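Down below is the structure, laid out as structure tokens.
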Amino acid sequence: MNILVLAGGYSPERNVSLSSGAMIAGALRQNGHNVAIIDSYVGVRDEEADIAQLYKKEIDESWKTISTAVPDLKALKAANPVCKNRMIGPNVLRLCREVDVVFLALHGGSGEDGRIPAALDLMGVHYTGSDYLGSALAMNKHLTKVLAKEAGVRVPDWEVREIRDEDAIRTAMREVTLPVVVKVIDGGSSIGVYIVKTVSELRSALESNRGRRLIFEQYIEGREIQMGFLNGKALPSIEIIVNKEFYNYENKYQKGLAYEQTPADILPSEEKEMGKMLLAVAHALNLRVYSRADFIIDKNGTIWFIEINTLPGMTPTSLLPQEAEAAGVSFGELCEQIVKQALKEKVGTEE
């Protein structure tokens, strides 16, 4: 099979995406496929845009390592002036048309918010993961919560505020009850997430996000549990135990800063309830193939749905591959199942 892996992109999560893409491309090559991998934002120069040659190109080993620092997107744009304000680099869409399936290893930005899936739909290209609508809905934390609550899934109370200026900051500081979780409305990998317990922490979070729409979410103290699904079935849960702070960007992707246990040490009844909540959210958002959701179990044993990720990480420390392995599905088989399911999905315009 001929496969193109799209990774990187113009997103704060691009380094995670490059690592996911490198791991996926390597596994699919081991499975015997012709696999090319490119950075969807940087693209490929005309003289290198030969898909047959890209199949033979070695995977950049540096892509597999995730820095503790969030990528400098301004520097990335300056280094690639040909991209200007485009979110898709040169020759990317043409190469997508030349393969059997595109594996979306993109996290955040235009890759996970539905825009690239929409472009591929318009071209009649098979791709992995959810379609453009499900991706767009899941990327917006507010809309996700609205639809999850409507589906009968328990979610923490929340509100949305736009922090335009100093007046908005002062109003929020006066009206928001602490402790609270502050999040950018469309972020991922815990970038732009603040566990706020003091007034000074609240001001810092707000000043860091002037001009953005933020979610102010009820703080639920408890155990962090995540659960994914694959082809309509819930995978074993996984518990996150961090050595410091919360499960932030650094703790997620640097070895030794978090401990994951799968299956999580929870009651069978809790595992079952969580699986039902996960699939209810996936159905409400019209998600397909695979995703991974975040939950918290509070001290009373109550399960709360937090959010869902339509293109979860596939790095060496990522959670979905660990959950799949606990279910007897190796990393290579996980990638294979995702590709095969993508080929079954209907693409293109309706007749």
Side-chain angles (χ1 to χ4, degrees), residues 13 16 19-20 23 66 68 107 138 141 144-145 148 153-156 179 181 183 187-191 193-195 197 217-282 287 290-331 333-334:
E13 299 175 73
V16 183
S19 181
S20 289
M23 298 299 295
I66 304 174
T68 57
H107 306 318
K141 292 177 171 60
T144 296
K145 291 177 184 296
V153 174
R154 186 182 304 105
V155 298
V181 182
K183 305 176 181 181
S189 286
S190 295
I191 297 172
V193 177
Y194 307 83
I195 307 296
K197 297 183 179 180
E217 181 183 275
Q218 174 190 1
Y219 174 65
I220 305 292
E221 186 173 6
R223 300 166 64 186
E224 295 187 50
I225 313 290
Q226 302 198 10
M227 179 179 283
F229 74 84
L230 178 64
N231 295 331
K233 295 183 179 180
L235 293 169
S237 61
I238 186 167
E239 180 170 10
I240 313 304
I241 303 169
V242 296
N243 296 331
K244 60 179 182 177
E245 299 176 351
F246 70 105
Y247 197 47
N248 59 15
Y249 182 82
E250 181 180 0
N251 290 333
K252 281 187 175 183
Y253 302 112
Q254 302 305 314
K255 291 183 178 180
L257 296 184
Y259 168 71
E260 296 104 19
Q261 179 177 338
T262 184
D265 185 17
I266 60 178
L267 297 173
S269 58
E270 293 172 330
E271 183 90 7
K272 184 176 181 180
E273 181 183 357
M274 193 176 293
K276 287 183 177 179
M277 293 171 71
L278 167 63
L279 296 179
V281 172
L287 305 185
Y290 73 116
S291 290
R292 195 207 67 245
D294 301 349
F295 296 89
I296 290 178
I297 301 181
D298 68 20
K299 61 183 179 181
N300 298 316
T302 302
I303 301 174
W304 301 83
F305 166 75
I306 305 301
E307 59 189 65
I308 196 163
N309 188 327
T310 56
L311 293 177
M314 300 282 276
T315 75
T317 60
S318 292
L319 305 180
L320 187 83
Q322 294 184 56
E323 296 176 39
E325 185 176 0
V329 180
S330 67
F331 186 81
E333 179 58 25
L334 173 62

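On a predicted model such as this, the values are computed, not experimentally measured, just so you know.
Residues Pro179 and Ile195 are not in side-chain contact: their nearest non-hydrogen atoms beyond the backbone lie 4.5 Å or more apart. In this structure the side chain of Met227 never reaches within 4.5 angstrom of the side chain of Ile225, judged on heavy atoms. A 4.5 Å side-chain heavy-atom check between Gln226 and Asn309 finds every atom pair outside the cut-off.
The environment of Gln261 atom CD is dense: over 12 non-hydrogen atoms of other residues, nucleotides or ligands sit within 6.0 angstrom.
Side-chain atoms of Asn300 do not come within 3.5 Å of backbone N or O of Thr302 as any donor-acceptor pair.
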Could you list the donor-acceptor pairs under 3.5 angstrom formed between side-chain atoms of residues 270-281 and any protein atom two or more places apart in sequence or on another chain?
from	atom 1	to	atom 2	distance (Å)
Glu270	OE1	Leu267	N	2.9
Glu271	OE1	Ser237	OG	2.6
Glu271	OE2	Ser237	N	2.9
Glu271	OE2	Ser237	OG	3.4

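Ser330 is linked by a side-chain contact (heavy atoms from CB on, under 4.5 Å) to Glu333, counting only residues two or more places apart in sequence or in another chain. Not counting sequence neighbours, the partners of Ser19 by the side-chain contact (heavy atoms from CB on, under 4.5 Å) test are Ile66, Thr315, Pro316.
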>> Show, in sequence, the C-alpha distance, side-chain angles and deciding distance for Lys183 and Ile306, and conclude whether the side chain to side chain contact (heavy atoms under 4.5 Å, CB included) test is met.
In response: CA-CA 11 Å; Lys183 305 176 181 181; Ile306 305 301; 3.2 Å; yes

>> Walk me through whether Ile220 and Gln218 qualify under side chain to side chain contact (heavy atoms under 4.5 Å, CB included).
In response: CA-CA 6 Å; Ile220 305 292; Gln218 174 190 1; 3.5 Å; yes

>> Does Ile240 form a side chain to side chain contact (heavy atoms under 4.5 Å, CB included) with Leu319? I'd like the steps, not just the answer.
In response: CA-CA 9 Å; Ile240 313 304; Leu319 305 180; 3.6 Å; yes

>> side chain to side chain contact (heavy atoms under 4.5 Å, CB included) for Tyr290 and Leu334? Distances and angles first, verdict last.
In response: CA-CA 10 Å; Tyr290 73 116; Leu334 173 62; 5.8 Å; no

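In this structure, CD on Glu307 lies 8.0 Å from OG1 on Thr144, to the nearest 0.5 angstrom. The distance from the CD1 atom of Ile238 to the CD atom of Gln322 is 4.0 Å, given to the nearest 0.5 Å. With rounding to the nearest 0.5 Å, the separation of CD1 in Ile303 from CG in Asp298 is 9.5 Å.
In terms of heavy-atom proximity, Ala282 sits nearest to Phe229 at CB-CE2, 3.6 Å.
The pair Glu217-Lys145 meets the salt-bridge criterion, with a side-chain N (NZ, NE, NH1 or NH2) lying under 4.0 Å from an Asp/Glu carboxylate O.
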